Amino acid sequence: MLIHSDALFEYAEQVKNLGSTLFELLSEALGLKPSYLTDIECNQGQIILCHYYPPCPQPELAIGTSRHSDSGFLTILLQDEIGGLQILREDRWVDVTPTPGAFIVNIGDLLQLISNDGFRSVEHRVVAKNTAPRVSIACFFSTHFHPASTRMYGPIKQLLSDESPPLYRATLVRDYIKHYYSIGLDAKTAISDFQL
Ligand SMILES: O=C(O)CCC(=O)C(=O)O
Ligand SMILES: [Fe+2]
């Protein structure tokens, strides 16, 4: 797939702005001041991953992307019209039908952790298709590539009380990500290993 680099940089910039707005809304939804999640740098890392899924002659024997939840704070995903993305809801795979011009926004594990389950990361996968190639562009907000970051992320103190005790232990982003990749995709197990 060839994407003109100017277009990709412009896209990255615009998606970053959208991410900042979403982090403000998510902060407010948690009952925090709008700048809370950006103040703790949830919007700092930005990784853009372009996926190309070739048509598969025997889609029932293959998988596009294995079952997983995204590891970072938030993902903004753009998919084309081919379809194949599914989310796991009450133990059933539900198609995320492509809607022209719409983004898909996924909560990631680290946002689940710091919101103390206020928000939940969703498990998803991409099934193979034999119709045509599929393209998607995922923008992850996660500080994977800021290895010097010493910020610890645990359940946000303002969200805790006697009735809502912390559900997870605090972690560096890099330690969470290292653990996530050491397990590999296929089920949502990384976050459960940080449960108290
Ligand atoms: O291709 C897609 O629609 C989703 C890809 C994905 O889940 C990911 O990159 O984390
Ligand atoms: Fe994903």
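Values reported hereafter were calculated over all heavy atoms of this structure, with side chains retained and with hydrogens, waters and symmetry mates removed. Indexing begins at 1, ligand by ligand and atom by atom, following the structure's order. Since this is a predicted model, take the numbers as computed values, not measurements. Numbers for residues simply follow the sequence, beginning at 1.
Atoms of ligand 1 lying under 4.0 Å from at least one heavy atom of Phe140, given by number and element, are 8 (C), 9 (O), 10 (O). Residue contact check: Ser136 has heavy atoms under 4.0 Å from atoms 1 (O), 2 (C), 3 (O) of ligand 1. Distances below 4.0 Å separate heavy atoms of Arg134 from the following atoms of ligand 1: 1 (O), 2 (C), 3 (O).
The N/O atoms of Gln79, backbone and side chain alike, include none that comes under 3.5 Å of an N/O atom in ligand 1.
Residue Asp70 touches ligand 1 through its side chain alone, judged by heavy-atom distances below 4.0 Å. Within the 4.0 Å heavy-atom criterion, the part of Leu77 lying near ligand 1 is the side chain and not the backbone. Under 4.0 Å from ligand 1, the heavy atoms of His124 that appear belong solely to its side chain.
Listed here is the closest heavy atom pair of Thr171 and Tyr176: OG1-N, 3.5 Å.
Shortest contact from atom 4 (C) of ligand 1 to any protein heavy atom: Val126 CG2, 3.7 Å.
Considering only non-hydrogen atoms, atom 10 (O) of ligand 1 lies nearest to His68 out of His51, His68, Arg67.
Rounding to the nearest 0.5 Å places NE2 of His68 at 10.0 Å from OG of Ser121. A distance of 11.5 Å separates CZ of Phe140 from CD of Gln46, quoted to the nearest 0.5 Å.
For the 3.5 Å distance criterion, the side chains of Asp109 and Ser69 qualify, holding a donor opposite an acceptor. Arg125 and Gln86 share a side-chain donor-acceptor pair at under 3.5 Å.
Counting only distance, with no hydrogens or angles, the side chain of Asn116 and the backbone of Leu167 share a donor-acceptor pair below 3.5 Å.
Rounded to 10 degrees, the NE2-metal-OD1 angle spanning His124 and Asp70 at the Fe ion (ligand 2) equals 90°.
Using cut-offs of 30° and 60° for the angle between ring planes, the Phe103 and Tyr11 rings count as tilted.
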